Amino acid sequence: DGKGATYGAHENYQVERAADLDDLIRFSIPFLATRQIFCGSGRVGIGQHSERAGFQISQRADYVENDIGLETTFNRPIFNTRDEPHANHHYWRRIHVIGGDANLFDVSAFLPFGTTSLVLRAIEVGTTMEWENLDLDNPVEAVHEVSQDLPLRRPLNLRSGESMTALQVQRRYLALVQTGLEGRLSAVDQLVIERWGRTLDTLEHDFLAAAAEVEWVGKYALLERQRKRLGAQWDDARIIAMDLQWSDLRPHKSLVGALQRAGMVESLFTQDQVEWAADNPPSGTRAAARGAAVRDDERLVQASWTSLVTEDE
């Protein structure tokens, strides 16, 4: 918000303990560094304290300072190594992704969850030499460069000596996932694959054409129109205020809500579906057990990530 705070969203993925951690780290970092092109929520200001005026793709990018690490509130890494699976640790590992933005657009929320899951599954199955050609020369610098490259044309240096744009890196991952998981893709996986490819096509042809599905593009289009109407620069207080108001969840204040009512945001789910899902977690999960206990057990005195505590009668 220009004061050193960063808006973001943490994601969690369950992977097999047998999967090689070095492979998970190495082969997911280029993907995580470049996926912001379809799931960034947009930000007014460049630098942690908005030292420079401008607009960038990701709220979170300037606060990513390390490629690998344990921290979540400072020295934030691209790949977090905290090993806290909340499951049988003999069989499962939790990949805790902290570098992503919080999204209000359905597509920009759907894609990071779906694509990251597929990439991790493909690494579990096994990687080939093609995966090794994606190593970024400086992953943290690449995160910042991608976020500030609105035309999506800036080449990123690879350790091989070659260079690729963020779009090209994502296309390579899409192809690797399709090959690595051939015959293992569900109907939902196929939806993710199709949307992934279609969104990359749109961004490459004309990124502004993705304004209804990719959140940072939708925000940029709205703020740029307003900026030109006002004859203002990106460091104008009115534009900065709109950037903050973008995340306002109150229906009568939300800029995203106004765009949705105008038919300018693609919805993947109805409001009824969203409200139903909020009260009905997937069966067989800790969320389902915890929710049922909170709702139905009058003896319950405490509920946490790992335990339920009840009073003895």
Side-chain angles (χ1 to χ4, degrees), residues 7-15 32 35-36 38-42 59-60 72 84-87 92 94-121 177 181 184-196 198-199 210 212-219 246-298 300 302-308:
Y7 294 110
H10 289 195
E11 306 157 42
N12 298 285
Y13 302 88
Q14 182 171 275
V15 298
L32 294 173
R35 67 174 193 164
Q36 59 185 291
F38 53 70
C39 60
S41 61
Q59 284 274 340
R60 196 71 159 165
T72 59
E84 191 179 339
H86 298 313
W92 305 109
R94 179 178 66 145
I95 303 301
H96 187 50
V97 178
I98 68 166
D101 288 9
N103 292 112
L104 290 171
F105 276 30
D106 285 3
V107 174
S108 281
F110 174 71
L111 278 177
F113 300 144
T115 58
T116 305
S117 296
L118 289 174
V119 168
L120 292 172
R121 281 170 51 197
V177 164
L181 296 179
R184 304 168 185 251
L185 296 171
S186 68
V188 173
D189 295 335
Q190 293 288 2
L191 286 176
V192 174
I193 293 278
E194 189 276 332
R195 174 65 74 163
W196 191 0
R198 178 150 53 96
T199 302
E213 54 182 317
V214 176
E215 186 164 341
W216 72 266
V217 182
K219 177 188 279 188
W246 181 268
S247 299
D248 197 323
L249 298 180
R250 293 171 294 178
H252 64 291
K253 292 286 188 179
S254 170
L255 296 181
V256 174
L259 291 175
Q260 289 172 329
R261 290 190 292 274
M264 299 176 68
V265 179
E266 180 181 354
S267 296
L268 301 181
F269 312 98
T270 66
Q271 188 59 35
D272 286 344
Q273 289 176 310
V274 172
E275 292 176 3
W276 183 91
D279 293 328
N280 295 273
S283 61
T285 62
R286 288 181 301 113
R290 186 169 55 244
V294 170
R295 183 184 63 240
D296 300 329
D297 194 338
E298 295 181 356
L300 185 71
Q302 181 177 317
S304 72
W305 289 110
T306 57
S307 64
L308 299 171

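Because the structure is a prediction, the values reported are computed rather than measured.
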Specify the closest pair of heavy atoms between [X] and [Y], including all atoms of both residues, with the distance to one decimal.
X      : Y      : value
Pro251 : Arg261 : O-NH1, 3.5 Å
Phe269 : Asp106 : N-OD2, 3.3 Å
Ala288 : Pro281 : CA-CG, 3.5 Å
Asn103 : Asp101 : OD1-O, 3.5 Å
Glu84  : Arg94  : O-NE, 2.8 Å
Val256 : Val265 : O-CG2, 4.4 Å

Is there side-chain contact between [X] and [Y], with heavy atoms separated by less than 4.5 Å?
X      : Y      : value
Phe113 : Tyr13  : yes
Arg121 : Asp189 : yes
Leu249 : Leu104 : yes
Leu268 : Val107 : yes
Gln271 : Gln260 : no
Leu185 : Leu118 : yes

Worked check of side chain to side chain contact (heavy atoms under 4.5 Å, CB included) between His86 and Asn12:
CA-CA 11 Å; His86 298 313; Asn12 298 285; over 6 Å; no

Taking [Y]'s backbone N and O only, do any of them form a donor-acceptor pair with [X]'s side chain (distance below 3.5 Å, no angle check)?
X      : Y      : result
Arg60  : Ile98  : yes
Ser108 : Phe38  : yes
Lys253 : Asp248 : no

What distance separates [X] [atom1] from [Y] [atom2], expressed to the nearest 0.5 Å?
X      : Y      : atom1 : atom2 : answer
Thr199 : Leu111 : OG1   : CG    : 5.0 Å
Asn280 : Glu275 : CG    : CD    : 11.5 Å
Ile95  : Thr116 : CD1   : OG1   : 11.0 Å
Lys219 : Leu259 : NZ    : CG    : 11.5 Å

Stepwise salt bridge (charged side-chain N to carboxylate O under 4.0 Å, His left out) test for Arg198 and Glu213
CA-CA 11 Å; Arg198 178 150 53 96; Glu213 54 182 317; 5.2 Å; no

Would Glu215 and Trp246 count as having a side-chain donor-acceptor pair, cut-off 3.5 Å?
yes

Between the side chains of Arg35 and Thr115, is a donor N or O closer than 3.5 angstrom to an acceptor N or O?
no

